[in-house]
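Structure first, then comments.
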Amino acid sequence: MALLLTILIVLTWGLLGARIASIFGVHWTSPEERVAVSITLGMTATAGLMTALTFLGGLYPATGWAVLALLLLFARNRIPPFLTTLRQSLRGPSILLFWRNRTGLETFAILALSILAMLAVTLAWAPPVRTDALVYHLAIPKAYLEHHGVMNLPHNMYSFFPLLFEMVYLFGLTFGVEGLPALLGVAQAAALALGLVAYYRRYLGSRYGWLVPAVFFSVPTFTEIAGSAYVDLPLAGFIFFAFYAWERWRETGHGFWFGLLCLFAGSAFATKLTGFIVLPLAVLGIVWVRRKSTSAGRVLGELFVFAGVAFLCMAPWWARNYAYAENPFVPLFMQVLGGQDKINWDPTRALMMDQYVRMFGIGRSITDFLMLPYNLTFRSEPHSLRFDGQLGIVYLLMMPSLIGLWLCRRPRLGPLTIVFAVLIVFWFVYFQYIRFLTPALVFLSLLLVSGLEGWQARTPRQDFGTWLHRAWMGLIALGLAFNTLLTAEIWKKKDPLAYLTGKETREAYLARNVSAYPIYRAMNTLVPPNGRVLFVYMRNLGYLAHREFISDSVFEAHTLQTVLESARDEKEVFQRLQSLGATHMMFDSNYVWGTGSAFSREHQALLHRFLQNWTEPVARHRHYYLYRIVIN
């Protein structure tokens, strides 16, 4: 059911985008461009519609079907051309044309990309298990759906971020089919892959179009998050399609492409706060295109339109933040604009989080920057401070192709290089997570493959040159195979097929992949519906929680630390927890009593006395405990 719905929704997005484009009389330059841009445009329109319904309180189980029917109704006149094209494709030699004149390396890249796509689809089809999806990418839309609209979640700092792509996941959740939201994320990744092929073939080369997305998605972390309901790939997609629209706008001068530049740039910002970096780049791009214009008013008008669209993309989320925290930019600028008395977050923790984020990676000196290819390839590790992910080896193997960029000197390489340089420096200075590299590596993939083709065009094909070329192509193919095996190892650890084939229940799959799931299940069963649970180092997996809870973002002992610091005895601990409305407490004992505990010995002793005298045990799983708070 989830897979069939995904196909139907993606087709609807494509038809909707094509309908909008037809209104403006757009001429597509390739099938890849038409499909990729239409799907992305239709998806963005759906996200905007779901945002409006969320703020109007229109979220119900039937909402998804109603929205889907509305979109199909609007795009109905594109259905006959689509069916005609589909019929011609099935009857004609389309498959043979697809494989004709492909190099061996590109053929191998398509094979690797197909395997990676299957791994991502099966990961997405199974229940979600990645932390950020369970904490907010799916948890917040789930809370909104249960509340029938936007709601205040003061204990989840991430709920004050812009949530544009979460609205796509919310659209999937309204159908009540688990796996559908993450599969829609895979569909977005597929649109990005097609867009990369379309851009490469139009502006950079003809021989290795499919190698670009294969190189990009061969990064194990990227394929994993593609099937995990994250927003890093959607962010990369919006930034790339904003750049694509800019290229088409400066080529054609068509207003449709300028509109897409504004829309996709604003959507990048509304998808993830780090997406704001695209705004100054887009402004510079607009000014550069109009640098020879004699009308300053025209340039200012276009900049005004761009700013207006970006503002409209962010306005709902700023309005929500102002309504709940009286600071539209919370959790930012709290030192000046306030908000700490409204939500469970404050400037001190914001500074600590900034320092924590800067611990990721391996240094920020010039030397560290120059060593990035080596460090990212050989020293990155998942679930660690060393970039928190795996890059694989393909990018390192392709680094010599940068020489080919100098050899071919194509005119389109300048903007690509500038955008990549800005994005990689921005990432290096602030957020050294592998998954935050998605926007920069989109552009690096285009540059490397273009350099590879340029090198090939200028290298003599005799004797040593021929041998060197074949050896290098073989090495890159081996690198793709190696990266695919790394991704397969990640997939094997989760083993979604055990669930998808019925060999494992949903509960068993979640328990195997989420260590805390059994205690969450116990909480959902044993805590009364009107109960309220204080989480302490429970990772705040709101998607798995069916009971109201109090939690701390990032620094997960803050509330209990505050309670213990202000209490003289266990009775006052009870009174303060009672004032918070807590009826239960659930915690990870490793972080409460263990060597890495966030609590002092004095506070540990006080907490121990409180648990002995004012609570009773309800459930335990390994080092996770659930207690009920009782009146002594």
Side-chain angles (χ1 to χ4, degrees), residues 30-32 36 93-123 186 189-201 204-224 226-227 233 373 377 390-405 408 441-459 461 465-492:
S30 68
E32 293 86 2
S94 55
I95 301 298
L96 295 176
L97 289 173
F98 179 80
W99 291 103
R100 184 179 295 175
N101 299 325
R102 299 207 179 275
T103 64
L105 180 58
E106 189 178 27
T107 301
F108 188 84
I110 293 171
L111 176 62
L113 194 59
S114 300
I115 294 172
L116 294 170
M118 288 188 290
L119 297 179
V121 166
T122 50
L123 284 175
V186 175
L192 172 58
L194 275 176
L196 289 170
V197 175
Y199 182 90
Y200 185 86
R201 287 183 174 171
L204 299 177
S206 58
R207 293 179 61 83
Y208 296 118
W210 285 96
L211 182 59
V212 181
V215 168
F216 178 78
F217 285 103
S218 74
V219 175
T221 298
F222 293 176
T223 297
E224 183 185 11
L233 283 169
T377 302
Q390 283 180 299
L391 184 71
I393 200 170
V394 172
Y395 281 97
L396 185 65
L397 293 176
M398 293 191 68
M399 279 298 166
S401 68
L402 292 175
I403 300 173
L405 295 177
C408 60
L441 293 193
V442 161
F443 294 92
L444 180 60
S445 301
L446 289 165
L447 290 168
L448 290 175
V449 176
S450 178
L452 179 68
E453 189 163 341
W455 181 300
Q456 179 180 335
R458 297 299 182 92
T459 303
R461 293 299 190 85
T466 302
W467 178 87
L468 181 62
H469 169 75
R470 290 177 178 175
W472 193 15
M473 298 304 102
L475 196 60
I476 292 172
L478 287 174
L480 287 172
F482 179 76
N483 279 20
T484 303
L485 288 174
L486 290 179
T487 306
E489 285 186 10
I490 297 172
W491 180 89
K492 186 178 178 181

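Position 1 is the first residue of the sequence, and the numbers go up from there.
- To the nearest 0.5 Å, atoms CG (L446) and CG (L211) are separated by 10.5 Å.
- With a 4.5 Å cut-off on side-chain heavy atoms, T487 and F217 do not count as touching.
- Heavy-atom minimum distance, A112 versus T484: CB-OG1, 3.9 Å.
- Atom CD in E224 sits 12.5 Å away from atom CG in L116 (nearest 0.5 Å).
- Under the 3.5 Å distance criterion, the side-chain polar atoms of S450 are left unmatched by any main-chain donor or acceptor of L447.
- Contact annotation: the side chain of I490 never approaches that of L123 to less than 4.5 Å [non-hydrogen atoms, C-beta and beyond].
- When side chains are defined from C-beta on, L448 does not count as touching V394, because their heavy atoms never get closer than 4.5 Å.
- Expressed to the nearest 0.5 Å, how far CG of L119 lies from OG of S114 amounts to 11.0 Å.
- Across every non-hydrogen atom of A226 and A189, the tightest pair is CB-CB, 4.3 Å.
- The main-chain N or O of A120 is never found under 3.5 Å from a side-chain atom of T223 such that the two would form a donor-acceptor pair.
- Between L444 and M399 the shortest side-chain heavy-atom distance falls below 4.5 Å.
- Two residues are said to be in side-chain contact when any heavy atoms from C-beta on lie closer than 4.5 Å; V212 and L204 fail this criterion.
- If you take CG on L402 and CG on L452, they are separated by 10.5 Å, rounding to the nearest 0.5 Å.
- Formation of a donor-acceptor pair under 3.5 Å by the W472 side chain with backbone atoms of L397 is found in this model.
- Listed here is the closest heavy atom pair of S218 and L480: CB-CD2, 4.0 Å.
- Nearest heavy atoms, Q390 versus T221: N-OG1, 2.8 Å.
- Of all heavy-atom pairs spanning S445 and V215, the tightest one is OG-CG1, 4.1 Å.
- Considering only heavy atoms from C-beta on, L192 comes within 4.5 Å of L196 through its side chain.
- In this structure the side chain of F216 reaches within 4.5 angstrom of the side chain of Y395, judged on heavy atoms.
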**Request:** Kindly determine whether Y199 and L194 satisfy side chain to side chain contact (heavy atoms under 4.5 Å, CB included), including the steps that lead there.
**Result:** CA-CA 9 Å; Y199 182 90; L194 275 176; over 6 Å; no
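- In terms of modelled atom types and a separation under 3.5 Å, the side chain of N483 and the main chain of I393 share a donor-acceptor contact.
- Between Y208 and Y200, the distance separating the two ring centers is not shorter than 6.0 angstrom.
- E453 is listed as a side-chain neighbour of S206, based on a closest heavy-atom distance under 4.5 Å.
- Scanning both residues, A36 and A191, for their nearest heavy atoms gives CB-O, 3.4 Å.
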